Undergrad: 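Sharing a structure with you now.
Residue numbers begin at 1 in each chain, while the letters A, B, ... track the order of the sequences. In this text the structure is predicted, and so the values were computed from the model without any measurement.
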Amino acid sequence: GAGVSQSPSNKVTEKGKDVELRCDPISGHTALYWYRQSLGQGLEFLIYFQGNSAPDKSGLPSDRFSAERTGGSVSTLTIQRTQQEDSAVYLCASSAGQMNEKLFFGSGTQLSVL
Amino acid sequence: GENVEQHPSTLSVQEGDSAVIKCTYSDSASNYFPWYKQELGKGPQLIIDIRSNVGEKKDQRIAVTLNKTAKHFSLHITETQPEDSAVYFCAAKFEGGGADGLTFGKGTHLIIQP
């Protein structure tokens with residue numbers, strides 16, 4: 001498809017388990033972002049990838065969170081030892097350039113930690 | 001860092017009336033101000049943006065105004081329709097200020113009453 005694709009759309013897990021969330025950005029987009037959206041809250045920046053540069057991890061809330069982007073395309077966000085407060089919608093976005101013009105968002109992954 | 005305040009959190013208007021959402025920002029160096037619309041179950045989508053060298057921008061029923069002196073910007077929707085019902089997010093960005101993406105407001109839930 002032409003848009004940003006995220007999978008799974010919904011994920012229910014037990015506290016303490018690890019989860020992996022996947023993002024397929026728009027082909028050719030060099031910038032990729034992960035955001036977290038908690039109920040009734042705004043969009044919390046997590047991590048940013050730009051081309052082959054080292055990612056900006058300044059928004060990751062703890063060392064249980066990590067992300068990688070293979071081959072400059074697909075990205076995976078991993079949350080280890082999930083906690084209930086990790087429950088949220090995780091949104092991925094991509095953009096064509098380094099100057100963060102127009103972000104294209106996926107529909108997100110709804111993560112529920114029981 | 002940048003701080004963006006958005007008001008109101010919920011706005012209910014009669015179909016056909018106008019809606020206004022306001023945001024303030026803290027970093028006077030911010031120079032890019034986009035607005036995103038998020039429909040239920042979807043990711044946010046850019047609807048309009050403005051740069052600091054422009055005071056107003058209009059696109060059909062949507063307009064954005066910027067007051068750099070007061071550090072606030074507003075979204076105006078005229079002749080509201082049922083499909084305008086969504087959550088709207090404002091954001092601010094200092095271009096070149098780092099790779100941490102945009103700073104978003106907490107969102108406004110716009111309800112169009114038939």
Undergrad: Just verifying a value: how many Å separate B:L102 CG and A:S95 OG, rounded to the nearest 0.5 Å?
TA: 9.0 Å
Undergrad: Measure B:P34 against the heavy atoms of chain A and call it side chain, backbone, both or neither at under 4.5 Å.
TA: neither
Undergrad: Distance check, rounded to the nearest 0.5 Å: A:F105 atom CZ versus B:L46 atom CG?
TA: 9.5 Å
Undergrad: When hydrophobic residues are tied together by side-chain contacts of less than 4.5 Å, even through go-betweens, does B:V20 share a cluster with B:V87?
TA: no
Undergrad: Could you tell me whether the side chain of A:Q37 reaches within less than 4.5 Å of the side chain of B:F104, counting heavy atoms only?
TA: no
Undergrad: Determine the minimum heavy-atom distance between A:S107 and B:G41, stating which atoms define it.
TA: CB-O, 3.9 Å
Undergrad: Counting neighbours of CD on A:Q83 that are heavy atoms of other residues, nucleotides or ligands and sit closer than 6.0 Å, is the number greater than 12?
TA: yes
Undergrad: Which answer fits A:L91, side chain, backbone, both or neither, if we ask what part of it has an atom under 4.5 Å from a heavy atom of chain B?
TA: side chain
Undergrad: Do B:I21 and B:V64 land in one hydrophobic cluster if side-chain heavy atoms of ILVMFWY residues count as linked below 4.5 Å?
TA: yes
Undergrad: Among the options B:H109, B:Q6, B:Q38, pick out the one with the most heavy-atom pairs lying under 4.5 Å from chain A.
TA: B:Q38
Undergrad: May I ask whether B:I62 and B:I50 are part of the same hydrophobic cluster, defined by side-chain heavy atoms of I, L, V, M, F, W, Y residues being less than 4.5 angstrom apart, directly or through others?
TA: yes
Undergrad: When hydrophobic residues are tied together by side-chain contacts of less than 4.5 Å, even through go-betweens, does A:V89 share a cluster with A:F45?
TA: yes
Undergrad: Give a yes or no on whether A:L32 and A:I79 share a hydrophobic cluster (residues Ile, Leu, Val, Met, Phe, Trp, Tyr; joining criterion: side-chain heavy atoms under 4.5 Å apart).
TA: yes
Undergrad: Just so I know, are the side chains of A:L103 and B:Y36 near enough to count as touching, which here means a heavy-atom distance under 4.5 Å?
TA: yes
